[in-house]
Amino acid sequence: MSLVVPFDGSELSKTALVRAAQFKTVLDQGVVVVSVVPRNNKSYARERGWIGPNEEFDGEKIVDSLRQSVAKVAPDAEFHHISVGRHSPSGTIANKIRQFARDNDASMVFLGSENAGRMVGSLSVGSSVSADRSYDTMIVSNVGATKIPELEAAVSTEDAIE
């Protein structure tokens, strides 16, 4: 069994990763991180802050940066990336994450989602990934994660995200 974290480098995905690292100490399951990167999609990369306004798309550089971000927050986490087509149809990223979670025997998926607690459109990655019934889903909607003393003792939220 594993704890899976879809990771795009956003503050919410970092907080979800911290929460997974905290749960790792309680559940004794490995943390497995997956980043999905559409090939040569400059606008998608810019929206996520992976590249600057005048920067060219460099998939390897983006993946390396995401890997380094994961290592800073959860050094023991296993990092994977999946490339998808530049103009993949809606739902492709969510489907890849769901399949990854099933392939990695996820007991829980930790999603950083600013849409948590609201009606989420059917095109949302979060709603699609959380709909899978082969694992539980923890939705992290607050960058300043609620402090749970037992979990903070294992992995400090403040120390992990600086």
Side-chain angles (χ1 to χ4, degrees), residues 1-39 41 44-51 57-85 88 91-116 120 124-146 148 151-152 154-162:
M1 303 295 283
S2 66
L3 306 172
V4 172
V5 183
F7 188 85
D8 64 4
S10 68
E11 292 304 310
L12 282 171
S13 70
K14 289 177 185 175
T15 304
L17 180 54
V18 169
R19 198 54 102 198
Q22 291 172 328
F23 269 67
K24 173 187 184 267
T25 65
V26 176
L27 299 176
D28 195 30
Q29 295 180 18
V31 175
V32 184
V33 178
V34 61
S35 294
V36 180
V37 179
R39 287 183 293 276
N41 191 327
Y44 188 91
R46 284 194 182 100
E47 287 171 12
R48 276 143 193 84
W50 296 345
I51 60 174
F57 186 94
D58 183 339
E60 286 183 35
K61 185 176 174 183
I62 290 169
V63 170
D64 285 343
S65 177
L66 290 168
R67 181 181 289 114
Q68 289 171 14
S69 292
V70 167
K72 285 180 189 173
V73 175
D76 296 335
E78 190 178 308
F79 178 83
H80 298 269
H81 78 279
I82 299 170
S83 294
V84 295
S88 295
T92 299
I93 291 175
N95 289 336
K96 293 289 185 182
I97 293 169
R98 287 171 65 187
Q99 187 61 52
F100 182 89
R102 285 190 298 268
D103 290 347
N104 284 274
D105 196 24
S107 62
M108 293 180 75
V109 173
F110 291 77
L111 281 172
S113 173
E114 51 193 34
N115 291 321
V120 181
S124 166
V125 169
S127 65
S128 298
V129 173
S130 65
D132 197 304
R133 299 292 179 230
S134 64
Y135 48 77
D136 286 334
T137 306
M138 173 175 268
I139 298 177
V140 176
S141 59
N142 184 2
V143 171
T146 305
I148 301 170
L151 295 177
E152 286 295 314
V155 176
S156 167
T157 304
E158 288 178 16
D159 291 343
I161 302 176
E162 294 179 346

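Taking both residues in full, the closest heavy atoms of Val70 and Ala77 are given as CG1-CB, 4.1 Å, listed atom of the first, atom of the second, then distance. Across all their heavy atoms, Ala16 and Gly112 have their closest contact at CB-N, 3.7 Å. Contact between Gly9 and Leu66 at its shortest, heavy atoms only, is N-CD2, 3.9 Å. The nearest pair of heavy atoms linking Val140 to Arg19 is CG2-CB, 4.4 Å. Heavy atoms only, all atoms of each residue included: Ser13 and Asp8 are closest at OG-OD1, 3.1 Å. Across every non-hydrogen atom of Tyr135 and Arg98, the tightest pair is OH-CG, 3.6 Å.
The line from CD of Glu78 to CG of Leu3 is 12.0 Å long, rounded to the nearest 0.5 Å. The CD atom of Gln22 sits 9.0 Å away from the CZ atom of Phe110 when rounded to the nearest 0.5 Å. Between the NZ atom of Lys72 and the CG atom of Leu17 there is a distance of 13.0 Å, given to the nearest 0.5 Å. Taking CG of Asn104 as the start and CD of Gln29 as the end, the distance is 12.0 Å to the nearest 0.5 Å. The line from CD1 of Ile82 to CD1 of Ile93 is 10.0 Å long, rounded to the nearest 0.5 Å. To the nearest 0.5 Å, atoms CD1 (Ile51) and CD1 (Ile62) are separated by 5.5 Å.
Two residues are said to be in side-chain contact when any heavy atoms from C-beta on lie closer than 4.5 Å; Ser107 and Asp136 fail this criterion. Val31 has its side chain within reach of Val33: a pair of non-hydrogen atoms, C-beta onward, lies under 4.5 Å apart. Pro6 is listed as a side-chain neighbour of Leu111, based on a closest heavy-atom distance under 4.5 Å. A heavy-atom distance below 4.5 Å is found between the side chains of Leu27 and Met108. In this structure the side chain of Val84 reaches within 4.5 angstrom of the side chain of Lys96, judged on heavy atoms.
With Phe7 as the fixed residue, the side chain to side chain contact (heavy atoms under 4.5 Å, CB included) test singles out one of Lys14, Arg67, His81: Lys14.
Lys61 and Asp64 are not joined by a salt bridge, as no carboxylate oxygen comes within less than 4.0 angstrom of a charged side-chain nitrogen.
With hydrogens and angles ignored, the 3.5 Å screen pairs no side-chain donor or acceptor of Thr137 with any backbone N or O of Val109.
Trp50 and Tyr44 have their aromatic ring centers within a separation under 6.0 angstrom.
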